[in-house]
Amino acid sequence: LEELDLSDNSWNEDVSAAFERWLEHAREHSRLAVLRLAHCGGKINFARIAKPLRHLAATLTSLDLSANVAVDFGAAQL
């Protein structure tokens, strides 16, 4: 998997947790280069998904969080 577009979906804490688990399992097998999370309704808990995203830093070249009203960055750092 090199490109994943989850834009225009509704997010909440449960969705963020499920995506975090998916990222953790996929990191060994993924060559994810492009991740789109644009125009998502609800609230993306970026603090939760930041750690597994860091494991994809070698391949991830584009992360689109544009046009999101509610993104919880918390203490997240990539």
*With no hydrogens and no angle check, is any side-chain donor or acceptor of Ser62 less than 3.5 Å from a backbone partner on Val34?*
no
*Side-chain donor/acceptor of Asn68 to backbone N/O of Cys40, under 3.5 Å*: yes
_Verdict with supporting geometry, Glu24 and Lys51, salt bridge (charged side-chain N to carboxylate O under 4.0 Å, His left out)_ = CA-CA 9 Å; Glu24 288 173 350; Lys51 183 177 179 181; over 6 Å; no
*asked:* I need the Leu35 CG to Asp5 CG distance, nearest 0.5 Å.
replied: 8.5 Å
*Would you check, one step at a time, whether the test side-chain contact (heavy atoms from CB on, under 4.5 Å) holds for Asn9 with Phe19?*
CA-CA 12 Å; Asn9 284 290; Phe19 189 55; over 6 Å; no
*Heavy-atom closest pair, residues Asn12 and Val15*: OD1-N, 2.9 Å
*Taking Thr61 for the side chain and Ala33 for the main chain, is one N or O donor matched with an acceptor at less than 3.5 Å?*
yes
*asked:* When you compare the side chain of Arg48 with that of Glu13, does any pair of heavy atoms fall below 4.5 Å?
replied: yes
*Check the pair Leu37, Trp11 against side-chain contact (heavy atoms from CB on, under 4.5 Å), reporting the backbone distance first and the verdict last.*
CA-CA 10 Å; Leu37 301 173; Trp11 285 70; 3.6 Å; yes
_Heavy-atom closest pair, residues Gly42 and Ser10_ = N-OG, 4.5 Å
*asked:* Run the salt bridge (charged side-chain N to carboxylate O under 4.0 Å, His left out) test on Glu3 and Arg36 for me, step by step, so that the C-alpha distance in whole Å, both residues' side-chain angles and the decisive distance to 0.1 Å come before the verdict.
replied: CA-CA 8 Å; Glu3 188 171 329; Arg36 292 186 188 93; 2.5 Å; yes
_Run Ile49 and Trp22 through side-chain contact (heavy atoms from CB on, under 4.5 Å) and show every step you take._
CA-CA 10 Å; Ile49 65 173; Trp22 183 85; over 6 Å; no
_Nearest 0.5 Å, please: how far is OG in Ser30 from NE2 in His55?_
13.0 Å
_Is there a salt bridge (charged side-chain N to carboxylate O under 4.0 Å, His left out) between Arg31 and Glu2? Walk through the geometry before answering._
CA-CA 5 Å; Arg31 293 184 179 172; Glu2 294 178 4; 5.5 Å; no
*About how many Å separate CG of Asp64 and NE2 of His39, when rounded to the nearest 0.5 Å?*
7.0 Å
